[in-house]
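The block underneath contains the structure these notes are about, expressed in structure tokens.
By convention in this document, chain letters (A, B, ...) are assigned in the order of the sequence lines, proteins followed by strands, and residues within each chain are numbered from 1. Note that the coordinates shown come from a computational prediction; the quantities given were computed from them, not determined experimentally.
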Amino acid sequence: MLDIALFRDAPERIRADHDRRGLPHDAIDEVIRLDGAWRDLLKATDVLRAERNQAARAIGAAKKAGDQEEMQRVLAEVASIGERITSMEKEVDEALAARDAVRMSIPNLLHEAVPSGADESGNTVHSVHGEKPTFSFEPRTHNDLIEMNRWVDLERAAKVAGSRFYYLKGDLARMEMALSAYAVDFLCERGYTFVQPPVMMNRTAYEGVTDLGDFETVMYGIEPDGYYMTATSEHPLTAMYMGETVPEEHLPLRLVGVSDCFRREVGAHGQSDRGIWRVHQFRKVEQIVISDAEGSWDLHEELLQNCIDLWDALGLHYEVVNICTGDMGTVASRKYDLEAWLPGAKAYKEVVSCSNCTDYQANRLQIRTGVPGHANQPIAHTLNSTAVATSRALVAIMEQNQLEDGRVRVPDVLQPYMGGQGVLESCAF
RNA sequence: GCGUGGAUCGCAUAGCCAGGUAGUGCGCCGGCCUUGAAAGCCGGUGUCGAACGACUCGGGGGUUCGAAUCCCUCUCCACGCGCCA
């Protein structure tokens with residue numbers, strides 16, 4: 001959510017941003033109009049309340065003085081004012097909610113380096129890493145590999161849970177744990193603090209970190225308790241400091257979280273999404289940074305560099321993509337994706353997303369930086385980046401490291417986490 | 001799950017029983033004083049607002065002319081009991 005002061009003092013900055021995105025200005029004008037209406041209503045209500053407060057004080061004074069007559073006179077005078085205030089207050093609340101409903105739909109201001117483009121075809125390649133692997137045989141898709149090795153049981157998961165769930169079995173399940181542990185260790189060595197967050201959040205906290213539409217299409221709701229399963233540890237980790245001032249001596253706050261992620265994936269269908277590429281539950285190691293405004297762009301580059309070093313260490317071939325205006329979404333000001341090469345699918349596909357949300361999330365969450373206790377503390381900046389989403393990283397490793405017989409070579413850096421095992425063997429059942 | 005006690009300004013605390021301008025200490029900011037600092041003294045120190053003013057005592061609702069204070073409800077915390085990996 002953008003600072004309301006931008007709408008009042010510098011709406012031309014928001015308009016210029018909408019021009020880059022190819023969006024009309026209607027919503028901006030609507031916010032400005034609704035803000036004016038809210039402020040007028042609030043002012044009128046304040047006048048009424050001032051009247052009531054004055055009367056209440058007069059009654060108190062008359063009572064103390066023992067002047068029954070004066071007390072009764074003032075009482076009669078303000079008899080109906082309470083009801084009027086109550087109904088005005090309701091209007092004020094509605095006016096503010098109406099303003100913010102539209103304000104919430106307005107996306108973050110884009111960084112100037114974001115390339116222009118209408119959709120994902122406008123994304124530009126930032127850099128290419130590793131060598132495209134070559135095979136002396138026709139490489140299989142991960143779907144073939146998990147099936148022939150019995151590493152994933154989709155049918156029984158569908159029986160027990162539903163479609164897009166899976167049992168991860170044997171050596172592949174073991175490598176999943178190795179990946180998580182390796183990525184966490186990797187970031188801890190770089191000064192990130194390991195945090196295991198709750199995987200359910202309440203509605204208030206969740207509204208601070210995501211689009212309202214996500215409640216319909218992404219998150220699972222837990223009734224009767226009113227919790228939501230987290231779609232990524234970005235959400236509980238970013239909301240962690242909601243309503244607080246992070247002391248400047250702790251900045252930037254570098255966190256590495258690991259959690260299972262739960263996504264409804266409403267509307268997602270298709271052959272390309274078979275297997276474990278797009279599923280309702282997967283584990284993800286996530287980088288989160290809370291910083292001040294000055295440091296956030298350097299930290300965005302740091303997050304990307306961590307991903308590059310981590311994925312290089314896994315020995316995989318991938319591209320870093322600079323996301324364009326038309327593919328950006330609401331919250332990020334700038335975003336890089338890592339797209340790994342899948343030899344079986346013969347395509348680069350998204351495995352990492354690295355965003356600087358600037359003050360857009362922190363504004364809604366009211367996360368500030370500075371010295372606690374001071375007035376008007378600046379709003380923090382929040383950044384997030386995948387380190388590894390293990391289900392997708394497993395797909396990339398399986399397809400790039402596959403052997404002719406269908407087994408898979410374990411990346412060197414993961415072998416110490418698997419008792420020195422060098423190759424994934426198939427499951428007996 | 002049951003019971004008891006709590007939640008007040010950045011922190012700590014008073015006010016609640018008995019409704020009538022949210023007080024005090026610490027911290028922080030500014031001023032006086034000083035070569036400079038400390039101490040001391042004075043003022044300020046939540047939100048909206050140009051200002052008058054309004055709002056703010058965990059959240060929501062109610063009673064009342066008026067609620068931190070009374071009533072209802074929810075959340076969280078502490079302690080005890082019960083249950084439990």
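- H280(A) is linked by a side chain to side chain donor-acceptor pair (under 3.5 Å) to Y220(A), counting only residues two or more places apart in sequence or in another chain.
- Distance, R203(A) CZ to U75(B) P: 18 Å, rounded to whole Å.
- Across C76(B), A50(B), G49(B), the shortest atom-to-atom separation from the side chain of Y227(A) is found for C76(B).
- Comparing the C1' positions of G62(B) and A85(B) gives a spacing of 43 Å, expressed to the nearest Å.
- For the pair H18(A) and I106(A), the minimum side-chain heavy-atom distance is below 4.5 Å.
- For the pair E244(A) CD and C9(B) C1', the computed distance is 17 Å after rounding to whole Å.
- Atom CZ of R203(A) has more than 12 heavy atoms from other residues, nucleotides or ligands within 6.0 Å.
- The nearest whole Å value for the distance from the CG atom in L48(A) to the C1' atom in C55(B) is 15 Å.
- G59(B) and U13(B) have their C1' atoms separated by 23 Å, given to the nearest Å.
- Spacing between A78(B) and C28(B) at atom P, rounded to whole Å, works out to 30 Å.
- Taking the C1' atoms as reference points, C65(B) lies 37 Å from C11(B), given to the whole Å.
- Q366(A) has its CD atom 20 Å from the P atom of G58(B), to the nearest Å.
- In this structure, E249(A) places its CD atom 13 Å from C1' of G10(B), rounding to the nearest Å.
- The shortest heavy-atom contact between P107(A) and Y360(A) is C-CE1, 3.6 Å.
- Counting to the nearest Å, the C1' atom of U63(B) and the CD atom of E83(A) are 14 Å from each other.
- The partner of A12(B) is U24(B), by the rule that a Watson-Crick or G-U pair needs both atom distances under 3.5 Å.
- Sorted by first then second residue, the side chain to side chain donor-acceptor pair (under 3.5 Å) pairs that include residues 97-106 of chain A, not counting sequence neighbours, are D35(A)-R99(A), D100(A)-R103(A).
- With the nearest nucleotide of RNA chain B identified for both R49(A) and K43(A), K43(A) has the one nearer the 5' end.
- Pairing for U69(B) is absent, with no Watson-Crick or G-U wobble pair whose two atom distances lie under 3.5 Å.
- Across all strands shown, U64(B) remains unpaired; no Watson-Crick or G-U wobble contact has both distances below 3.5 Å.
- Across the C1' atoms, G36(B) and G23(B) are found 36 Å apart, a figure rounded to whole Å.
- A salt bridge links R73(A) with E77(A): the closest approach of a Lys/Arg side-chain nitrogen to an acidic carboxylate oxygen falls below 4.0 angstrom.
- Here, C9(B) and C2(B) have their P atoms 30 Å apart, quoted to the whole Å.
- When both distances must be under 3.5 Å, the Watson-Crick or G-U wobble mate of A78(B) is U4(B).
- Going from the C1' atom of U21(B) to that of C17(B) covers 22 Å, rounded to whole Å.
- Each salt bridge (Lys or Arg N to Asp or Glu O under 4.0 Å) pair with one or both residues in residues 170-188 of chain A, not counting sequence neighbours, appears once here: E176(A)-R283(A).
- Residue-level contact check: R73(A) touches neither bases nor backbone, having no heavy atom under 4.0 Å from any strand.
- Applying the side-chain contact (heavy atoms from CB on, under 4.5 Å) criterion to T141(A), with sequence neighbours excluded, gives N143(A), D144(A), E399(A).
- Scored by the side chain to side chain donor-acceptor pair (under 3.5 Å) test, K284(A) finds T232(A), E286(A) as partners (sequence neighbours excluded).
- Across all strands shown, G53(B) forms a Watson-Crick or G-U wobble pair with C48(B), both key distances being under 3.5 Å.
- In this entry A38(B) has no Watson-Crick or G-U wobble partner, no candidate having both defining distances under 3.5 Å.
- Distance, D9(A) CG to G49(B) C1': 13 Å, rounded to whole Å.
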Expected rows: protein N/O vs nucleotides 64-72 of chain B N/O, under 3.5 Å:
none

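- Nucleotide C48(B) holds its C1' atom 13 Å from the CG atom of D3(A), rounded to whole Å.
- Across C57(B) and A67(B), the matching C1' atoms stand 11 Å from one another, rounded to whole Å.
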